> 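Got a structure here, written out as structure tokens. Questions coming.
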Amino acid sequence: MRHTMAVQATSFSLHSHHHHHQHLQLLPRSQGPLKSTPHKGRGTSLKISCKSYEDDYLIDAPESVGDGFSFSGGKYSDGSSPSDEWFKQGKIVKAHTVSGSGEKAKDPLFGLTMGASSQASADLFRWFCVESGSTDNPSVLLIHGFPSQAYSYRKVLPILSKNYHAVAFDWLGFGFSDKPQPKYGFDYTLDEYVASLESVINEVAADKVSIVVQACFPYVVVEGYFSPVAVKYASIHPEKVKNLVLLNPPLTEKHANLPSTLSIFSNFLLGEIFSQDPLRASDKALTSCGPYKMKEDDAMVYRRPYLTSGSSGFALNAISRSMKKELKKYVEEMRTILADKDWKIQTTVCWGQRDRWLSYEGVEDFCKSSNHELIELPTAGHHVQEDCGEEIGKIISGVISKSR
């Protein structure tokens, strides 16, 4: 976790029945030892101390193939960086058919053909994935939010790898995955993301998979788009999903409202310029969602895509405009799906209570009425896997193991 937050390792078990809502609360060390307290009409509240690459895939855009929107051709350091080290841990997986005419992508400002690092594959999109643990074990898919990357799960992967096959990937438009420009193979609609998620899951997991999804809501984009994607996928393919773990998802009517600052990033030209700022487009958004500062090494990993090429910023704007049209509708659809009495997939909500983006008001009532387990992390912000990664890893392990 970030900054100086202390971690006290505590073993715990999650005891609940599928038909009863249970409210688990993780509290900082200063609030005392483990104890359970009676909770009117709802059992107990448990308090726990928180504690193969492709040859043609370009990490950097050299001057010769720069697209005119990168910084120093995309290389911010001559030496090895945390981003380089992270890339070495993963591999490129090809999944989801590239649609469109196959034309070379052009930038939306001047209509000039973009450099090689901004071009998508001709057949199947390239996804950056980091796998951990034996493929013989049950699979857990870790899905990041905006404007994050698979890197956010770096503390979770080692915990899960002990008993599970854990896979974290970068969405199209983020990290080291392809960043297609709208109208050149991918338009960043929710339906396209659902279809692409199906392609990735079919590629990396043979059997049922547990899905963990972060609903990141930076001030530059909009909230929780990937939670509706995961829930929509699970509703279409319930036979493929064993568990669903939602990290600070949009669950209330209030969560479906778009922030006023979105207008800047969905405004043509102004949005294009703002999204080319690596600080504004990446770590500034991530650090504004909770109480902790991000280490510079970690911040540089999140900035890397925006330093490498303008394609990351253009993709971010495309997502902003798409979600401005779709978000409210799909958050409401997600709420309806999760509240359905016939919903069979075990669903757990983990909530960092220092979330500066989404209000906690109404979350507990929604989980109670829908019979979903709620686990609170009072010391974490919206980006819970960054703030409390090791603890989240243990929680996910506990949730999955008890449902075997």
Side-chain angles (χ1 to χ4, degrees), residues 52-59 87 90-105 114 116-131 135 139-151 153 165-214 225-241 244 305 309 311-312 314-319 321-323 326 330:
S52 114
Y53 325 90
E54 298 282 335
D55 290 336
D56 61 344
Y57 189 85
L58 300 177
I59 306 176
F87 186 77
K91 65 179 182 179
I92 298 299
V93 171
K94 285 200 169 189
H96 197 62
T97 304
V98 178
S99 61
S101 64
E103 284 185 73
K104 291 288 186 181
M114 300 184 75
S117 65
S118 297
Q119 301 295 339
S121 303
D123 50 358
L124 298 172
F125 286 114
R126 295 165 295 193
W127 302 69
F128 176 69
C129 297
V130 177
E131 293 185 82
T135 55
S139 294
V140 183
L141 196 67
L142 305 171
I143 302 177
H144 70 80
F146 296 119
S148 189
Q149 302 174 36
Y151 183 72
Y153 287 105
H165 169 228
V167 182
F169 68 86
D170 289 337
W171 278 112
L172 294 179
F174 297 91
F176 289 117
S177 290
D178 272 342
K179 302 168 189 67
Q181 300 307 294
K183 300 179 182 177
Y184 294 97
F186 198 79
D187 291 332
Y188 298 97
T189 65
L190 184 135
D191 287 339
E192 284 178 303
Y193 267 126
V194 172
S196 66
L197 177 59
E198 178 182 359
S199 298
V200 171
I201 290 177
N202 290 342
E203 189 67 29
V204 301
D207 300 315
K208 272 196 171 188
V209 62
S210 295
I211 297 177
V212 179
V213 58
Q214 163 70 29
Y225 199 47
F226 285 148
S227 287
V229 168
V231 172
K232 178 88 171 179
Y233 169 81
S235 69
I236 298 171
H237 301 283
E239 77 288 348
K240 190 73 177 175
V241 182
L244 193 58
S309 162
S311 60
S312 297
F314 293 139
L316 192 66
N317 278 304
I319 296 165
R321 286 190 284 272
S322 177
M323 287 187 283
E326 296 186 309
Y330 286 112

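Remember, it's a predicted structure, so these values are computed and weren't measured experimentally. Side chains are part of it too, since the values below use all heavy atoms of this structure and drop only hydrogens, waters and symmetry mates.
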> Let me confirm one number: the CD1-CH2 distance from I92 to W127, rounded to the nearest 0.5 Å.
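The distance works out to 11.5 Å.
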
> Can you tell me how far CZ of F226 sits from CD1 of I211, rounded to the nearest 0.5 angstrom?
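Going from the CD1 atom of I211 to the CZ atom of F226 covers 13.0 Å.
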
> Stepwise, does the ring pair (Phe, Tyr, Trp, His ring centres under 6.0 Å) test hold for F186 with Y193?
CA-CA 9 Å; F186 198 79; Y193 267 126; 5.3 Å; yes

> Is the shortest heavy-atom distance from the side chain of Y330 to the side chain of V194 under 4.5 Å?
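No, too far: nothing below the 4.5 Å cut-off.
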
> May I ask you to decide if L124's main-chain N or O and T97's side chain share a donor-acceptor pair within less than 3.5 Å?
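Absent.
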
> Between D187 and P182 (side chain of the first, backbone of the second, donor and acceptor by atom type, cut-off under 3.5 Å), is there such a pair?
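Pair absent, no side-chain N/O of D187 close to backbone of P182.
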
> Take F169 and V93, measure what side chain to side chain contact (heavy atoms under 4.5 Å, CB included) needs, and give me the verdict at the end.
CA-CA 9 Å; F169 68 86; V93 171; over 6 Å; no

> With a 4.5 Å cut-off on side-chain heavy atoms, are Q119 and M114 touching?
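Yes. Closest side-chain heavy atoms under 4.5 Å.
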
> Report yes if the side chains of P228 and L190 come closer than 4.5 Å at any heavy-atom pair, otherwise no.
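Yes - at least one pair of side-chain heavy atoms lies under 4.5 Å apart.
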
> Has D170 got a side-chain atom pairing as donor or acceptor with Q149's backbone, closer than 3.5 angstrom?
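No: the side chain of D170 does not pair with the backbone of Q149.
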
> Measuring only between side-chain heavy atoms, which start at C-beta, is I319 closer than 4.5 Å to F174?
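In contact.
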
> Should the heavy atoms of other residues, nucleotides or ligands under 6.0 Å from CG of D207 be counted, would the total exceed 12?
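Counting neighbours around CG of D207, 12 or fewer heavy atoms of other residues, nucleotides or ligands fall under 6.0 Å, so no.
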
> Output yes when a side-chain donor or acceptor of S177 lies under 3.5 Å from a complementary backbone atom of G173, and no otherwise.
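Not at all, since once roles are kept as given, no pair shorter than 3.5 Å links the two residues.
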
> Drop me the distance from K232's NZ to D191's CG, to the nearest 0.5 angstrom.
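Nearest 0.5 Å value for the NZ-CG distance: 6.0 Å.
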
> Has the side chain of H144 got a donor or acceptor atom that lies under 3.5 Å from a matching backbone atom of Y151?
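Here the side-chain-to-backbone pair does not exist.
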
> Supply the atom-to-atom distance L172 CG to R126 CZ, rounded to the nearest 0.5 angstrom.
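Output value for this atom pair is 10.5 Å.
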
> For S196 and H96, run side chain to side chain donor-acceptor pair (under 3.5 Å): C-alpha distance rounded to whole Å, both residues' side-chain angles, the deciding distance at 0.1 Å, then the answer.
CA-CA 5 Å; S196 66; H96 197 62; 5.2 Å; no

> Any sub-3.5 Å donor-acceptor pair from S139's side-chain atoms to A205's backbone N or O?
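No.
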
> Does K208 NZ have over 12 foreign heavy atoms under 6.0 Å away?
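Yes - once you tally the heavy atoms of other residues, nucleotides and ligands closer than 6.0 Å, there are more than 12.
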
> At what distance, to the nearest 0.5 angstrom, does NZ of K94 lie from OG of S121?
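Interatomic distance, K94 NZ to S121 OG, rounded to 0.5 Å: 4.5 Å.
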
> Taking it one step at a time, do Q214 and S148 satisfy side chain to side chain contact (heavy atoms under 4.5 Å, CB included)?
CA-CA 9 Å; Q214 163 70 29; S148 189; over 6 Å; no

> So V213 and Y233, side chain to side chain contact (heavy atoms under 4.5 Å, CB included) or not? Walk me through it.
CA-CA 12 Å; V213 58; Y233 169 81; over 6 Å; no

> Of the options V167, V212, V130, which is the one that meets Y153 in a side-chain contact (heavy atoms from CB on, under 4.5 Å)?
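For Y153, the side-chain contact (heavy atoms from CB on, under 4.5 Å) check succeeds only for V212.
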
> Could you tell me the separation between the CG atom of L141 and the NZ atom of K240, rounded to the nearest 0.5 Å?
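L141 CG to K240 NZ: 10.5 Å, rounded to 0.5 Å.
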
